[in-house]
Engineer: 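Questions regarding the structure given below will be posed in turn.
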Amino acid sequence: TGYTGEDGVEIMIAPEVGKQLWQNLLDRDVAACGLGCRDTLRLEAGMHLYGQELDQSISPLEADLVWLVHLAEKGDFIGRAALESQLKAGISCKLVALTMEGKNIARHDYEVVHNQEKIGKITSGTMSPSLGVAIALAYLPIELTDLGQEISVQVRDRLCLATVVKRPHYKSSN
């Protein structure tokens with residue numbers, strides 16, 4: 001499917017056949033991986049996950065998915081007026097990529113802070129296995145979304161420095 005930014009496939013088969021296929025793959029030393037692997041890869045690739053970066057309260061413009069909005073080519077649809085309004089007035093927040101200083105990992109729902117004021121929340125965060133640095137995605141007020149902007153993330157009992165960076169964090173060299 002390429003959801004993680006890498007080549008991949010989804011196979012839909014009957015459960016009995018799936019169990020047999022799984023065992024055949026394990027018998028041939030195919031490495032198994034789960035949702036943790038999928039999540040780190042999709043985060044490195046800057047891909048959104050529903051319930052993390054996307055939900056009914058987030059517009060495609062705020063989610064930095066404006067390239068998917070083609071109002072001129074579409075008729076009327078639910079949400080059109082809201083998108084037109086946001087395009088005209090501008091958005092108040094936007095999804096950004098962050099790198100964390102040191103080994104501090106920003107996790108889902110950790111508070112984002114700037115000048116001692118809570119300004120947002122982390123949607124996803126992990127230690128990037130490909131880059132060897134902690135990375136995250138977060139919604140920030142539009143005025144704090146410039147590349148290089150420094151903010152802080154509340155990691156347990158302390159504030160940890162983070163920097164707004166270009167998304168995706170990692171891009172395949174292929």
Engineer: So, for S128 and L131, which heavy atoms are closest and what is the spacing to 0.1 Å?
Structural biologist: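 Taking every non-hydrogen atom into account, OG-N, 3.0 Å.
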
Engineer: Looking at every heavy atom in both E53 and I58, which two are closest together, and how far apart are they?
Structural biologist: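 Between these two residues, the closest heavy atoms are O-CG2, 4.0 Å.
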
Engineer: Looking at every heavy atom in both H70 and K74, which two are closest together, and how far apart are they?
Structural biologist: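 Closest heavy-atom pair between H70 and K74: O-CG, 3.3 Å.
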
Engineer: Side-chain donor-acceptor pair under 3.5 Å between R42 and S124, yes or no?
Structural biologist: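 Judged by distance alone, the side chains do pair up.
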
Engineer: Would you say L83 and P60 make side-chain contact, with heavy atoms under 4.5 Å?
Structural biologist: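 The answer is yes, as the side chains (C-beta and beyond) meet within the 4.5 Å cut-off.
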
Engineer: Working to the nearest 0.5 Å, report the span between CG of L95 and CG of L137.
Structural biologist: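 Rounded to the nearest 0.5 Å, the CG-CG separation comes to 5.0 Å.
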
Engineer: Could you state the interatomic distance from CD (Q52) to CE (M47), rounded to the nearest 0.5 Å?
Structural biologist: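 So the gap between those two atoms works out to 15.5 Å.
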
Engineer: Can you check whether K166's main-chain N or O pairs, donor with acceptor, with H169's side chain at less than 3.5 Å?
Structural biologist: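 Not confirmed, H169 side chain does not pair with K166 backbone.
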
Engineer: Within the 4.5 Å heavy-atom criterion, are F77 and L71 side-chain neighbours or not?
Structural biologist: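 Of all side-chain heavy-atom pairs linking L71 with F77, at least one is under 4.5 Å.
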
Engineer: Between N104 and R158, is the side chain to side chain contact (heavy atoms under 4.5 Å, CB included) condition met? List the steps.
Structural biologist: CA-CA 10 Å; N104 303 300; R158 65 188 191 288; 2.6 Å; yes

Engineer: Going from CD on E101 to NZ on K103, what distance comes out if it is rounded to the nearest 0.5 angstrom?
Structural biologist: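 It comes to 12.0 Å.
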
Engineer: Could you work out the complete set of other residues in the hydrophobic cluster of Y110, with links drawn between I, L, V, M, F, W and Y side chains under 4.5 Å apart?
Structural biologist: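 Same cluster as Y110: V96, L98, M100, V112, I119, I122, L140, L144, L147, I151, V153, V155, V164.
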
Engineer: Is the shortest side-chain N to carboxylate O distance from R167 to E44 below 4.0 Å?
Structural biologist: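 Salt bridge between R167 and E44, a charged N being under 4.0 Å from a carboxylate O: no.
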
Engineer: Spell out, as yes or no, whether a donor-acceptor pair under 3.5 Å connects the side chain of H48 to the backbone of A63.
Structural biologist: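 Here the side-chain-to-backbone pair exists.
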
Engineer: Mind checking side-chain hydrogen bond (donor to acceptor under 3.5 Å, both in side chains) for N115 and listing every partner two or more places apart, or none if nothing turns up?
Structural biologist: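 Not a single residue meets the side-chain hydrogen bond (donor to acceptor under 3.5 Å, both in side chains) criterion with N115.
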
Engineer: Who are the side-chain hydrogen bond (donor to acceptor under 3.5 Å, both in side chains) partners of E62, not counting sequence neighbours?
Structural biologist: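 Partners of E62 by the side-chain hydrogen bond (donor to acceptor under 3.5 Å, both in side chains) criterion, ordered by chain and then number, come out as Q86.
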
Engineer: For residues 110-135, which residue pairs pass the salt bridge (charged side-chain N to carboxylate O under 4.0 Å, His left out) check, not counting sequence neighbours?
Structural biologist: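 Non-adjacent pairs meeting salt bridge (charged side-chain N to carboxylate O under 4.0 Å, His left out): E111-K121.
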
Engineer: S59 side chain to L61 main-chain N or O, any donor-acceptor pair under 3.5 Å?
Structural biologist: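 Yes, S59 side chain to L61 backbone: donor-acceptor pair under 3.5 Å.
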
Engineer: Return the NZ to CG distance between K94 and D146, rounded to the nearest 0.5 Å.
Structural biologist: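 One gets 8.0 Å once the value is rounded to the nearest 0.5 Å.
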
Engineer: For the residue pair A45 and P168, what are the closest heavy atoms and their distance?
Structural biologist: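 In terms of heavy atoms, the two residues are closest at O-CB, 3.2 Å.
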
Engineer: Could you go through residues 24-32 and list every donor-acceptor pair under 3.5 Å that involves a side-chain atom there, pairing it with any protein atom two or more places apart or in another chain?
Structural biologist:
unit_1	atom_1	unit_2	atom_2	d
N24	ND2	Q20	O	3.4
D27	OD1	Q23	NE2	2.8
R28	NH1	N24	O	3.1

Engineer: Please give me the minimum heavy-atom distance between A138 and T123, naming the atom from each residue.
Structural biologist: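 The answer is N-OG1, 4.0 Å.
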
Engineer: Do L54 and L49 have side-chain heavy atoms sitting under 4.5 Å apart?
Structural biologist: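 SC-SC contact between L54 and L49 ruled out.
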
Engineer: Linking Ile, Leu, Val, Met, Phe, Trp and Tyr through side-chain heavy atoms less than 4.5 Å apart, which residues share a cluster with M127?
Structural biologist: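 Taking Ile, Leu, Val, Met, Phe, Trp and Tyr as members, M127 shares its hydrophobic cluster with I105.
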
Engineer: Output, in order, the C-alpha distance, side-chain angles, deciding distance and verdict of salt bridge (charged side-chain N to carboxylate O under 4.0 Å, His left out) for E84 and R80.
Structural biologist: CA-CA 6 Å; E84 288 173 335; R80 182 183 183 97; 3.0 Å; yes

Engineer: Rounded to the nearest 0.5 Å, what's the gap from OH on Y139 to OG on S92? Could you check?
Structural biologist: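 The OG atom of S92 is 11.5 Å from OH of Y139, to the nearest 0.5 Å.
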
Engineer: Taking all atoms of both residues into account, what is the closest heavy-atom pair of A136 and A106, and its distance?
Structural biologist: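 Distance-wise, the nearest heavy atoms are CB-CB, 4.0 Å.
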
